[in-house]
Structure formats: C-alpha cells, structure tokens
Amino acid sequence: MGNKAVNALHNMGFQVQHSSLDNSFLELLYFRVSQMNGCAFCLDMHSKELRAKGETEQRIYLVSAWRECSFYTDKEKAGLLWAETLTALHGKEVPDEIYSKVSLHFSETEMVDLTMAVIAINSYNRINIAFGADVGAYQVSEKTN
C-alpha cells in the first residue's frame, strides 16, 4: 500500500522499532494483539519473526494464556497487560490499578513507546483485515535475523 496515511503508520512503526523497548518483546506483543484482533496476516508475520529471533514455540503458543504461565517475565506480563487493556478499551479508561502495575516495570518513556507499539499493531491489524492481505506470503528479511 502506497497511501500517505499508511506511510505515516510505517514511520510510526519504525520509531517504535528503534525505541527503548526490546524488539523480541515487541514481536510477542504484536502477536498477542493480532490474536485478539483475529488478523491472520499479522499472526503469520509475527510468528515467523518470533521464530527467527529465537523465540520458543512454547512461549508463542501459550501467549494468549500468559497470566497462567511462569515463563514470561514480570515485565513481559506487565507489557502484555497494557497491550490487552488498550486493545480492548471498549470506550473505557485504563483503570488506575493497571496503570500502577505496568508503571512498576516500565518508565514513563517506555510506557509511551509501549502505547505507540499497541496503536501501531492495532492499526496494521485493522488495515489488513479491512483490505485483505496475502496470508502466508510473508518472509523474514535476512537483516532481521
């Protein structure tokens, strides 16, 4: 897609990739949000990126049940909580309790970066669902590894 608005989204994604957040964790977050949104293209893409970065199948398969698993760090759990909360706002505010939990593990700058990452993947999910995408065609770039 060559649309100016989509190009702006690509620029935002670039900024997030070069933010204070761990790129492997971002892939896990993108995968989880894409599960919530049912975006097949993004699930295919981020599962491939996760595997290329050395993520275990166990962590990929069980990320939708992260609350019950001991193999995600407390920081990862806080980030996933933030991502899920922002993805499923349903017109509500973020509860103070969740903000407090997440801010124990992320600085203010990291929370802004985390929020931008959630905004970016939710936007990509919606674009791919709205306009369709060639599911399964994504290939990991050699420079990503």
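None of the values given here were measured: they were computed from a predicted structure. We count residues from 1, following the sequence as given.
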Intermediate values then yes/no, ring pair (Phe, Tyr, Trp, His ring centres under 6.0 Å), Phe14 and His18: CA-CA 6 Å; Phe14 179 84; His18 295 87; 4.1 Å; yes
Working to the nearest 0.5 Å, report the span between [atom1] of [X] and [atom2] of [Y].
X: Glu108; Y: Asp113; atom1: CD; atom2: CG; value: 11.0 Å
X: Thr87; Y: Ile119; atom1: OG1; atom2: CD1; value: 10.0 Å
X: Leu26; Y: Glu49; atom1: CG; atom2: CD; value: 11.5 Å
X: Asn23; Y: Leu29; atom1: CG; atom2: CG; value: 12.0 Å
X: Cys69; Y: Gln58; atom1: SG; atom2: CD; value: 7.5 Å
X: Cys42; Y: Arg126; atom1: SG; atom2: CZ; value: 10.5 Å

side-chain contact (heavy atoms from CB on, under 4.5 Å) partner of Val33, chosen from Leu80, Asn122, Leu28, Leu86: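 One option only clears the test, and that one is Asn122.
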Residues, nucleotides or ligands: over 12 heavy atoms within 6.0 Å of Tyr61 OH: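 Not more than 12 within 6.0 Å, no.
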Lys77 NZ: over 12 foreign heavy atoms closer than 6.0 Å: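 Yes, NZ of Lys77 has more than 12 neighbouring heavy atoms, counting only those of other groups under 6.0 Å.
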Distance-minimising heavy-atom pair for [X] and [Y]:
X: Ser34; Y: Asn125; result: OG-ND2, 3.0 Å
X: Ser103; Y: Ser100; result: OG-O, 3.1 Å
X: Gly79; Y: Phe25; result: CA-CZ, 3.7 Å
X: Phe31; Y: Ile60; result: CE2-O, 3.6 Å
X: Tyr72; Y: Leu62; result: OH-C, 3.3 Å
X: Glu84; Y: Arg32; result: OE2-NE, 2.7 Å

Do [X] and [Y] have side chains that approach each other closer than 4.5 Å (heavy atoms only, starting at C-beta)?
X: Glu76; Y: Asp22; result: no
X: Val16; Y: Tyr30; result: yes
X: Trp66; Y: Leu81; result: yes
X: Lys48; Y: Asp44; result: yes
X: Glu55; Y: Glu27; result: no
X: Ile129; Y: Phe41; result: no
X: Lys101; Y: Trp82; result: no
X: Val102; Y: Thr85; result: no

For residues 91-98, run the donor-acceptor check on the side chains, cut-off 3.5 Å, and write out each pair with its distance to 0.1 Å, sequence neighbours left out.
none

Single-linkage hydrophobic cluster, 4.5 Å side-chain cutoff, Met36 and Val63 together: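 As far as the 4.5 Å side-chain criterion goes, Val63 and Met36 are not connected within one cluster.
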Derivation of the salt bridge (charged side-chain N to carboxylate O under 4.0 Å, His left out) call for Lys75 and Glu110: CA-CA 11 Å; Lys75 185 171 185 168; Glu110 289 174 322; 3.3 Å; yes
Distance-only polar pair, side chains of Tyr124 and His46, donor-acceptor under 3.5 Å: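 Not at all, the side chains of Tyr124 and His46 share no donor-acceptor pair under 3.5 Å.
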Candidate pair Met116 and Gln15, rule side chain to side chain contact (heavy atoms under 4.5 Å, CB included), full reasoning: CA-CA 9 Å; Met116 296 308 289; Gln15 295 302 318; over 6 Å; no
Check against side chain to side chain contact (heavy atoms under 4.5 Å, CB included), Leu104 and Asp74: CA-CA 10 Å; Leu104 290 174; Asp74 289 342; over 6 Å; no
Lys53 and Leu50: CA distance, side-chain angles, deciding distance, side chain to side chain contact (heavy atoms under 4.5 Å, CB included) verdict: CA-CA 5 Å; Lys53 289 178 178 2; Leu50 282 162; 5.8 Å; no
